[in-house]
Amino acid sequence: MDLRAGDSWGMLACLCTVLWHLPAVPALNRTGDPGPGPSIQKTYDLTRYLEHQLRSLAGTYLNYLGPPFNEPDFNPPRLGADTLPRATVNLEVWQSLNDKLRLTQNYEAYSHLLCYLRALNRQAATAELRRSLAHFCTSLQGLLGSIAGVMAALGYPLPQPLPGTELTWAPGPAHSDFLQKMDDFWLLKELQTWLWRSAKDFNRLKKKMQPPAAAVTLHLEAHGF
Amino acid sequence: MAAPVPWACCAVLAAAAAVVYTQKHSPQETPHVQFERLGSDVTLPCGIANWDAAVTWRVNGTDLAPDLLNGSQLVLHGLELGHSGLYACFHRDSWHLHHQVLLHVGLPPREPVLNCRSNTYPKGFYCSWHLPTPTYIPNTFNVTVLHGSKIMVCEKDPALKNRCHIRYMHLFSTIKYKVSISVSNALGHNATAITFDEFTIVKPDPPENVVARPVPSNPRRLEVTWQTPSTWPDPESFPLKFFLRYRPLILDQWQHVELSDGTAHTITDAYAGKEYIIQVAAKDNDIGTWSDWSVAAHATPWTEEPRHLTTEAQAPETTTSTTSSLAPPPTTKICDSEELGSGGGPAVPFWITVPVTLALAAAVATASSLLIWSVDLGGGGGAHEGTPIQPHPSQSSACLPRAQHPMWTRHSTCRGAGGRS
């Protein structure tokens with residue numbers, strides 16, 4: 001991983017790899033397993049809950065950052081220096097993702113985002129912000145566990161961090177205050193976009209995995225969606 | 001020797017004719033087009049004629065009064081839309097046409113109104129525009145779409161001339177879209193731009209084919225069905241949720257139901273016999289805004305066919321309420337107004353009617369000379385449906401206050417006969 005001078009994301013890379021193993025895979029009771037359907041539904045519901053929670057959290061945090069970050073038509077260029085996981089994807093590629101890849105991308109994204117959020121929490125100035133962020137992190141942790149559960153139910157392995165990414169954490173020169181705030185802005189924006197994307201990802205998974213017993217109308221995905 | 005002379009003569013004549021022709025039919029035959037602003041003043045010169053030339057002006061073939069002239073120039077003050085037309089000036093004596101002007105009176109464009117919407121998410125979105133006030137002259141519009149720094153193509157709509165379509169290349173983008181439009185005409189220029197996130201402009205078309213039907217044997221039910229809008233490309237991965245509103249025509253207050261899936265719903269609290277108006281709206285489950293309301297469906301719940309009057313019937317005087325059926329009509333034969341709550345109360349429990357029937361039988365047997373009551377307690381009738389009591393025409397029902405009949409329990413009521421719904 002490229003450690004750029006002044007790149008706060010790079011500094012956190014090591015921290016994130018350490019925290020990678022934190023989301024615990026819930027032990028699934030396999031007997032009488034209704035299939036992954038209910039847990040996909042639960043995961044979908046969690047993304048909606050988190051999206052709702054994020055709206056108020058982001059509002060508070062952006063106000064704390066102050067103008068121009070809290071202005072509704074603030075439209076900065078994305079410099080691309082950040083290592084945030086990007087939700088944006090080519091339309092056709094997204095439609096043709098297989099289930100495993102779809103779930104893996106979600107899992108990896110939220111693992112990273114959770115890590116960055118925790119770092120944000122540590123730097124937050126007010127106790128109220130820290131409380132809100134901590135609460136959100138806990139919920140996000142729950143979402144990760146839920147995704148892990150779905151993957152386990154479907155027999156997909158959880159993604160592991162690549163070997164060789166363990167780096168010693170050396171503090172670099174401090175980010176400028178403004179650039180740091182830009183990083184925070186993009187983190188929240190990317191998080192919100194990922195939650196919108198996940199809702200759609202899990203909708204797609206839900207439809208593909210209608211439990212056969214309950215389905216009076218069996219959906220055959222004949223057209224390439 | 002004689003032959004070349006006539007030829008030369010013809011040539012000279014032809015040349016002379018050509019000169020005369022060009023003099024008479026000057027290039028001013030094709031009118032000069034001129035745009036002027038509404039309310040302004042304009043002076044139209046008569047081509048290249050001298051200021052003191054003697055000319056007559058006509059507009060659309062009608063002579064203009066000489067007091068509008070300033071020498072050979074036509075002066076128009078305070079231009080109005082009616083001043084638009086073909087102005088021509090002629091040499092006064094020879095009626096030789098000097099000059100023509102096609103005058104258009106209009107306005108420069110005001111700031112255009114631009115809005116974009118995605119009713120085909122995730123395929124793409126469209127933008128449409130219009131001017132808040134007319135200019136009365138032709139305008140040209142130019143639309144540019146930027147996604148970050150990338151320029152996107154906006155394809156003109158084949159049918160509508162102020163709409164264009166953009167296809168999404170990428171979904172779930174954190175970068176906003178910026179759509180700019182500039183409008184210009186002969187008198188001026190204006191522009192505007194809007195910026196938005198991919199998710200905020202999602203708004204489906206209204207649901208289609210909304211149909212409401214009565215449910216047989218159910219005077220309080222209406223079955224409503226509809227279809228997802230045909231423009232929504234992928235309802236499987238991008239499911240819609242629906243919002244249904246309904247009210248009887250006679251009331252202003254809507255009832256609302258939000259439905260997270262399915263394209264059918266049964267209304268179970270309709271007022272019997274009242275015509276209803278029903279509409280449905282749609283929204284993506286997670287993002288964007290609600291569609292407009294669908295075309296309204298009308299339906300009236302099922303009502304029982306009235307039975308024929310029989311000769312022994314003494315239909316009691318009962319006022320049938322023609323106003324709202326919410327309040328119990330004042331002069332009915334109801335003893336217990338509890339039954340006529342606003343939405344209809346619960347049906348009389350069966351176990352209450354049994355002892356009452358027994359009591360009634362005993363009363364009748366012991367006091368047969370007294371004809372107090374003649375009520376059929378078998379049916380529930382329409383009493384608890386919130387409608388005015390329609391007495392069964394074949395039965396006479398005289399209702400005495402409860403106090404005179406201590407054997408009546410609190411829950412017994414006078415009711416017209418009729419099938420329990």
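This is a predicted model, so every value here is computed, not measured. A note on names: the letters A, B, ... follow the listed sequences, proteins ahead of strands, and every chain is numbered from 1. The basis for the numbers below is simple: all heavy atoms, side chains too, and nothing from hydrogens, waters or symmetry mates.
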Let me confirm one number: the [atom1]-[atom2] distance from [X] to [Y], rounded to the nearest 0.5 Å.
X	Y	atom1	atom2	value
S237(B)	W94(A)	OG	CH2	5.0 Å
M169(B)	E92(A)	CE	CD	8.0 Å
I287(B)	L195(A)	CD1	CG	13.0 Å
K200(A)	L171(B)	NZ	CG	10.5 Å
E198(B)	W196(A)	CD	CH2	9.0 Å
I175(B)	N75(A)	CD1	CG	8.5 Å

*Give the intermediate values and the outcome of side-chain contact (heavy atoms from CB on, under 4.5 Å) for residues N90(A) and Y168(B).*
CA-CA 9 Å; N90(A) 178 280; Y168(B) 280 126; over 6 Å; no
For [X], does the [atom1] atom have more than 12 heavy-atom neighbours from other residues, nucleotides or ligands under 6.0 Å away?
X	atom1	result
D252(B)	CG	no
K176(B)	NZ	yes
R102(A)	CZ	yes
I151(B)	CD1	no

*Can D234(B) and K207(A) be counted as an ion pair, charged N to O under 4.0 angstrom?*
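Salt bridge between D234(B) and K207(A), a charged N being under 4.0 Å from a carboxylate O: no.
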*Non-hydrogen atoms of chain B under 4.5 Å away: do they reach the side chain of R197(A), the backbone, both or neither?*
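Looking at R197(A), backbone and side chain both touch chain B.
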*Engaged part of F74(A) at the chain B interface, taking heavy atoms whose separation is under 4.5 Å*: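 Only the backbone of F74(A) comes within 4.5 Å of chain B.
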*asked:* Going by the rule side-chain hydrogen bond (donor to acceptor under 3.5 Å, both in side chains), which residues pair with H130(B) if we only count those two or more places apart in sequence or in a different chain?
replied: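 Listed in chain order: nothing, the list is empty.
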*side-chain hydrogen bond (donor to acceptor under 3.5 Å, both in side chains) with N190(B): which residues, sequence neighbours excluded?*
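Listed in chain order: nothing, the list is empty.
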*For chain A, find its close neighbours in residues 177-189 of chain B: heavy-atom separation under 4.5 Å, sorted by number, or none.*
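Within residues 177-189 of chain B, no residue comes under 4.5 Å of chain A, counting heavy atoms only.
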[Y] and [X], any side-chain heavy atoms less than 4.5 Å apart:
X	Y	answer
T193(A)	S173(B)	no
D201(A)	F172(B)	no
H170(B)	V93(A)	no

_N285(B), part contacting chain A, at a heavy-atom distance under 4.5 Å_ =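 The answer is both parts of N285(B).
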*Within residues 60-73 of chain A, which positions have a heavy-atom distance to chain B below 4.5 Å?*
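P72(A), D73(A), listed by number.
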*side-chain contact (heavy atoms from CB on, under 4.5 Å) evaluation trace for N203(A) with D286(B)*: CA-CA 10 Å; N203(A) 265 329; D286(B) 315 303; 3.7 Å; yes
